[in-house]
Amino acid sequence: MTNDDLIIKIKKIYEKNRRHYKGYSYTIPSEDTYPYQWFWDSCFHAIALSYFDTAQAKAELRSLVSAQFKNGMIPHMIYWTRLKDHPFPTIPWGKRRTSSITQPPLLAAAVRRIFFATEDLDFVREMLPHIHNFHKYLYRHRDPRKSGLVGLINPDESGEDNSPRFDEALNLSDPKHPFVENFSSRLTLVDDWRKNRFVVKHRMDERHWVRDVPFNAILVESLAITSELARICNETHIAQWSYDHSEKTKRAMRDHLRDANGIYWSNMGYGTSTRKIQIKTWAMFMPLYAGVASLADAEYVVQHFLTNKKEFFTKYSIPTVPVSEPSFDPNGDWRGDWWVGTNWRGPVWMASNWLVVQGLRRYGFDVEAQTIIEQSRQLVGRYGMREYYDPLTGEGHGADGFTWAGLLLDMPL
Ligand code: GLC
């Protein structure tokens with residue numbers, strides 16, 4: 001597929017999936033499956049749009065931050081209009097217009113990308129308080145012990161809803177449990193938090209608590225980007241605060257999530273007792289994205305895992321879970337016909353590829369990054385704009401007409 005073909009394909013789906021509501025506009029990830037606005041999806045959309053429609057890229061983020069809570073949290077879903085005849089399940093979030101959980105902090109990365117495309121400093125100034133307030137929320141409400149690591153209250157906050165990293169926290173011991181079981185455990189968490197009015201701060205120790213590697217790595221990078229952007233805007237307080245917190249979380253990741261081999265694992269626990277979750281997923285490569293890993297640690301995971309056929313080196317890279325894990329499920333077949341198989345237990349996703357590629361390039365693994373980009377383009381070219389792909393055959397699964405292929409525009413060959 002040539003670059004021109006790719007842009008035409010992406011433009012088409014972005015136009016088809018654009019929605020307008022009372023002066024706001026946003027892009028839905030997929031008409032059939034995801035008919036609302038999602039937080040990290042909107043950041044991906046803004047990044048893709050910055051290559052061909054910067055006005056819409058800004059509009060996407062303006063719609064997103066318009067739903068920011070007073071306490072700074074950005075909800076992971078915004079229901080601009082509720083659709084009655086759509087199979088998307090009704091989830092009792094306890095809020096009318098939005099969900100009550102969040103997603104990874106990629107807003108600063110999206111704003112920086114728009115700034116690179118437009119040099120519009122006013123837009124950066126407009127977004128900066130939203131980004132900063134969200135960061136402050138994360139430390140204030142998700143790190144009550146001031147460890148430097150922020151915790152998730154629901155796996156969906158990672159963006160990887162059913163990743164096996166969360167099985168233990170959900171008390172799911174069978175690595176091949178049916179999707180419906182996974183979904184209902186996550187709903188139980190929503191119910192529990194809703195009943196407790198989402199007062200997260202003082203209850204984190206008693207409830208679901210996973211300090212996740214990708215989320216914290218994305219936060220480290222988000223703060224570093226914010227510090228840069230704030231400096232350009234002469235916002236010295238935000239610049240310094242963001243820099244200090246980026247360093248703090250970077251240190252905490254090194255101190256608490258790294259093992260003796262240099263592999264980073266998410267951890268979970270209650271109170272002061274924590275335990276590393278040693279389930280291999282693509283998260284192993286995320287310390288590279290934020291410059292948290294040492295060069296030796298980066299080389300270790302690339303050699304032993306990324307380029308190892310018994311782990312992540314499949315026909316199409318990179319599987320979200322390696323072939324060696326008992327939970328590995330290459331095509332999202334959950335042995336059931338319930339709703340949709342959102343599957344982070346093996347398939348390749350464009351967002352994880354995009355994040356890993358950036359990390360590999362940061363450490364000079366250009367050949368490995370190139371392989372992932374070429375394979376990503378093949379997947380979209382041959383199998384269409386799908387939610388995720390089988391790493392063994394390339395076949396597309398899950399939602400169709402899915403927007404995340406737009407991230408290919410930000411992965412130059
Ligand atoms: C699925 C994905 C999540 C995404 C959402 C909308 O739930 O797991 O990451 O934000 O769909 O595309």
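Counting starts at 1 for both ligands and their atoms, in listed order. Keep in mind that what you see is a predicted model, and the values were worked out from it rather than measured. FYI, the numbering just counts along the sequence from 1.
Using a 4.0 angstrom heavy-atom cutoff, F39 does not count as in contact with ligand 1.
Counting only residues at least two apart or on different chains, the side chain to side chain donor-acceptor pair (under 3.5 Å) pairs with a member in residues 65-85 are Q37-W80, Q68-H130, H76-S99, Y79-W93. Residue pairs meeting the side chain to side chain donor-acceptor pair (under 3.5 Å) criterion with at least one member in residues 277-290, sequence neighbours excluded: E160-W282, R165-T281, K280-E311, K280-S324.
Backbone and side-chain nitrogen or oxygen atoms of W404 are examined, and none is located within less than 3.5 angstrom of a nitrogen or oxygen of ligand 1. The shortest N/O to N/O separation between Q103 and ligand 1 falls below 3.5 Å. Distances between N or O atoms of D41 and those of ligand 1 include at least one value under 3.5 Å. When only interatomic distances are considered, the shortest N/O to N/O separation between W40 and ligand 1 falls below 3.5 Å.
Near G159, with a cut-off below 4.0 Å to any heavy atom, the atoms of ligand 1 are 2 (C), 3 (C), 8 (O), 9 (O). Annotation for ligand 1: atoms under 4.0 Å from non-hydrogen atoms of D161 are 1 (C), 2 (C), 7 (O), 8 (O). For ligand 1, the atoms sitting less than 4.0 Å from at least one non-hydrogen atom of F402 are 12 (O), numbered in the order shown with element in parentheses.
With salt bridges taken as basic N to acidic carboxylate O contacts below 4.0 Å, none links D259 and K276.
A cation-pi arrangement is not found for K95 relative to F198, the charged atom failing to lie both closer than 6.0 Å to the ring centre and inside a 45° cone about the ring normal.
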TODO: Carefully, step by step, assess E168 and R275 under the rule salt bridge (charged side-chain N to carboxylate O under 4.0 Å, His left out).
DONE: CA-CA 11 Å; E168 193 181 345; R275 178 161 74 255; 2.5 Å; yes
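A distance-only check finds no donor-acceptor pair linking the side chain of R19 to the backbone of P35 [under 3.5 Å].
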